[in-house]
Amino acid sequence: MPSYQAPIRDMRFVMDEMLNYPAHYARLPGGDDASPDVVSAILEEGARFAREVLLPINQSGDAEGCLLEGGEVKAPNGFKEAYQQYVEGGWPSLAADPAHGGQGLPPSLAMMLSEMICATNLAWGMYPGLSHGAADALRHHGTDQQKATYLTKLVEGVWTGTMCLTESHCGTDLGLIKTRAVPTEGEAYAITGTKIFISAGEHNLAENIVHLVLAKLPDAPEGSKGISLFVVPKFMPDAQGKVGERNGVSCGSLEHKMGIHGNATCVMNFDGATGYLVGAPNKGLACMFTMMNAARLGVGIQGLGLIEASFQNSLSYARDRLQMRGLSGKQAPEKPADPIIVHPDVRRMLLTQKAFAEGGRMLVLYTAQMLDVVEHGEPSEERDQAETLLGLLTPIVKAFLTEVGFESTNEGVQIYGGHGFIKEWGMEQLVRDARITRLYEGTTGIQALDLLGRKVLMSQGESLKVFTKEIHKFCKNEADNPALKEFVEPLAKLNAEWGELTMGVGMKAMQDREEVGAASVDYLMYSGYVTLAYLFARAAKQASASLEGDDKAFYAAKLNTARFYYQRLLPRTKAHAQMIQAGASSLMAISSEDFGLGFEI
C-alpha cells in the first residue's frame, strides 16, 4: 500500500515564512481565531485523519467501486464510517460562516486539509467536496428560507450537495440543456430531465443529498440566457427541517470509469421532482458560477495532492530499488547494485514531481490568500485587487496543476518501472484518478478560453497587469540582490514577454477570433510556468536568507529545487511562446471533411 506523510514542514514554510500568513490572518476580521496554535492543531489532526483513516481505504475503495441496487448506491466499505468521523471531527464546518453553524476560519485552512484528503483518497474526498460549493451558492443566492432549510445541514455535513449541470447531448455548452422546470403550487417547480456525470449524486454516506440543478423555465430565452438554478433535495425536509418524503429524483445508473472508482458518478433522473428557484429566473448560470469557481480551485488542489502522493512514494521506491551502477562508479559498494536514485534521469523525474508539488503548493496558498480577503475582508481597494487576482489565477490553478499533476503521476509509474504498471503498488491508480481532473469542472481548453478570452482580453489586459506589476515590483526590488540574480533576471524577461504575447494575440484576435482559441492552451501553460517562476523566486529569497539557521538542509534543498525549476522546467515557456505566436492558420486550414482523407469513417 502506498504511504503518505503530510508535508507540514513545507506548508508552514510557505504559510509562515514566505507568505507571512500570521500577519495575513491578523488583518482579517475574526482572523484572531486562526492563531498559530490553532493552525498547527488543524494541520496535525488533518494529517492524522488523512493518513490513518482515508489512506487505508483508498486502494480497497478503488477495487470495490460503488454498487447500485434498487436505485440506492452503496459506497465502498469504510467510506461511510470515514465520513462519520469527518463530520464528528467538525471538518465540514471549518471555514463556513458561524451564522450557519460554521467555525468561521479562513478558507485557506480548509484548502490545506483538502490537499491532504486528495493525496490520500481522492474518490472519498469528492463526497463532501461539492458540499462546500453548494453551500456557497445558497449563501450568496438563496432565499432566507432556503438558507434556514439547507445551509446549516450542509455546513454540518449531515447533508451533502451536488451540482447537476451536464446532459448527454451538450457537455459544456449548457445553453443546450433540455431539463425543464414547470411552476406548480406556491413557489415550487416540477423538475424533469436527466443529468449525467454527477459526482456523489447518490450514496449512503449522509442522510440527505441537496442537488443544485440547472433547468429552463417554460418561457425561458434560448441559449445560456435562459438557464435557471433550482435546489432539489433527495428527501423533502419536513416542517422541523428533518428528512421527510422521497422526492422524484433517482440514480438511473453508475458510470463505468477509468478512475475514481470509489466515488459514485451518477446518471440522475428528475421525474417531476420538486424544486425551488435559487436566485432570479434565467440567471442560474451566474449563480452556478459561484459554485463552479470553488469547485475549480478544489480540482486544482486535487492535482496538487496527487503530485505529492506520487512524489513521496516515488522517492521512497527510488531510495530502495537497486538497479545497475552509477555512471561514475559504484555509489553503494556494499550492495549488489546502486539504488536508482543515483541515476540522473530518475533524479530528473523525481525533481519534476518535487518542483510541481512545491510550486503547486505555493500557487494554491498564494491564491488562498486572495480568497481569504475576498470572503472575509472588508470592502476596500485591497479586496478589489484580490478579487481580480483570484479571477485571473483560478483557471491557472485548475488547469495548470491538473496538467502537471497528470504528468507527475505518469512519471511516478515510470520511476517504478514495470512495478508501476502493477495495481498492488498503487501508482497506476494515481494516474487513473489524475486523468479526470483535466476534464471535470471545465476542461483545460475551457479554462484556457476563460483565462485568455474572458479574464485577460475582455479586460483589455488590465487583470493581467495587476499581477505583472506585482512581479515587476519584486524584480525591481531584488535586482541588486546577488543571491537572486539567477532567478530575477530570467523572471523579469518572461514577465515582459508575457505582456508582449498578450498584446500580440489581442491584435490578431481583432481580425480573427479563432486566434484566441488557437493560442489559449499554450497561453495558459505559459502563464502557469511564469507564475510558478515568480513564486519560486520568492521562495528562493526566503530560503537564501535562512541558510545560516538550524534547518540549513531544508533551505538548501528549497534553493536547489528552485534552480532545477528554472533550468529544466521553465524553458518550456519558449516552446509555448512559439506556439502562441504561430497563430490559427495551420489549425484552421484543413476542412473538417479533409481530416479523414485516406480512410472511410
Side-chain angles (χ1 to χ4, degrees), residues 42 45-46 49 53-54 57 66 72-76 78-105 107 109-110 113-114 117 121 123-140 142-164 198-213 230-247 249-251 262-264 266 268 273-276 278 291 294-295 298:
I42 288 171
E45 186 57 25
F49 176 78
V53 179
L54 298 183
I57 57 173
C66 298
E72 302 292 333
V73 172
K74 180 185 176 184
F79 274 44
K80 183 175 182 178
E81 293 76 11
Y83 186 76
Q84 289 172 341
Q85 291 187 50
Y86 178 76
V87 172
E88 290 167 2
W91 296 113
S93 65
L94 196 66
D97 191 332
H100 306 295
Q103 300 175 48
L105 291 167
L109 277 177
L113 174 66
S114 293
I117 290 173
N121 199 325
W124 181 93
M126 293 171 66
Y127 287 101
L130 287 176
S131 298
H132 304 297
D136 278 347
L138 289 170
R139 179 167 60 90
H140 284 96
T143 65
D144 289 342
Q145 180 61 44
Q146 289 167 356
K147 292 176 184 178
T149 302
Y150 300 106
L151 203 47
T152 300
K153 297 289 189 180
L154 287 168
V155 166
E156 292 174 347
V158 178
W159 297 354
T160 61
T162 75
M163 51 194 297
C164 300
I198 309 306
S199 300
E202 171 63 33
H203 57 79
N204 63 335
L205 273 61
E207 66 179 25
N208 203 3
I209 302 172
V210 180
H211 302 286
L212 291 186
V213 185
F230 299 85
V231 57
V232 184
K234 174 182 175 180
F235 293 101
M236 299 301 298
D238 63 18
Q240 288 74 42
K242 297 181 179 179
V243 168
E245 295 182 359
R246 179 71 186 252
N247 202 357
V249 53
S250 61
C251 176
N263 190 266
C266 304
M268 298 301 298
T274 299
Y276 298 91
V278 178
M291 191 175 185

Run the numbers on Ile117 and Tyr86 for side chain to side chain contact (heavy atoms under 4.5 Å, CB included), then give the verdict. CA-CA 11 Å; Ile117 290 173; Tyr86 178 76; 4.1 Å; yes

Kindly determine whether Val231 and Val210 satisfy side chain to side chain contact (heavy atoms under 4.5 Å, CB included), including the steps that lead there. CA-CA 7 Å; Val231 57; Val210 180; 3.5 Å; yes

Met236/Thr274 under side chain to side chain contact (heavy atoms under 4.5 Å, CB included): CA gap, chis, key distance, verdict: CA-CA 8 Å; Met236 299 301 298; Thr274 299; 3.8 Å; yes

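Put simply, the side chain of Cys251 reaches to within 4.5 Å of the side chain of Met268, judged on heavy atoms. Proximity of Pro92 to Pro128: side-chain heavy atoms (C-beta onward) are nowhere separated by under 4.5 Å.
Taking every heavy atom of both residues into account, Asn263 and Met126 meet most closely at ND2-CB, 3.3 Å. Contact record, Cys66 with Pro76: SG-CD, 3.9 Å, taken as the closest heavy-atom pair. When all heavy atoms of Thr162 and Ser199 are compared, the pair lying nearest together is CG2-O, 3.9 Å. In terms of heavy atoms, Ala206 sits closest to Thr160 at CB-CG2, 3.8 Å. Contact between Ser93 and Gly101 at its shortest, heavy atoms only, is CB-O, 3.8 Å. Nearest heavy-atom pair across Val73 and Ala264 is CG1-CB, 3.8 Å.
Side-chain atoms of Gln103 come within 3.5 Å of backbone atoms of Gly90 as a donor-acceptor pair (strictly under, hydrogens ignored). No donor-acceptor distance shorter than 3.5 angstrom exists from the side chain of Asn208 to the backbone of Val243, with no hydrogens or angles considered. Within the 3.5 Å criterion, the main-chain N or O of Val249 finds no donor-acceptor partner in the side chain of Asn247. Looking only at distances, no side-chain donor or acceptor of Tyr83 sits under 3.5 Å from a matching main-chain atom of Asn204. Looking only at distances, a side-chain donor or acceptor of Ser131 sits under 3.5 Å from a matching main-chain atom of Gly161.
Separating the CG atom in Asp136 from the CG atom in Leu151 is a distance of 9.0 Å, to the nearest 0.5 Å. Residue Leu54 holds its CG atom at 8.5 Å from CD of Gln85, rounded to the nearest 0.5 Å. Taking CG of Leu138 as the start and OG1 of Thr143 as the end, the distance is 8.5 Å to the nearest 0.5 Å. Taking NZ of Lys74 as the reference point, atom CG of Leu205 lies at 11.5 Å (rounded to 0.5 Å). A distance of 11.5 Å separates CD1 of Ile209 from CG of Leu130, quoted to the nearest 0.5 Å. Here the CD1-CG distance, from Ile42 to Leu113, works out to 9.0 Å after rounding to the nearest 0.5 Å.
Between Thr149 and the options Lys147, Gln146, Gln145, Lys153, a side chain to side chain donor-acceptor pair (under 3.5 Å) holds for only Gln145. The only member of His203, His211, Glu202 that meets side chain to side chain donor-acceptor pair (under 3.5 Å) when paired with Lys234 is Glu202.
A salt bridge is defined here as a Lys NZ or Arg NE, NH1 or NH2 lying under 4.0 Å from an Asp or Glu carboxylate O, and Glu207 with Lys242 fails to meet this definition.
The closest side-chain donor-acceptor pair between Glu156 and Thr152, if any, does not fall under 3.5 angstrom.
Note on ring orientation: taking the six-membered ring where Trp is involved, the planes of Tyr127 and Phe79 are perpendicular (angle over 60°, cut-offs 30° and 60°).
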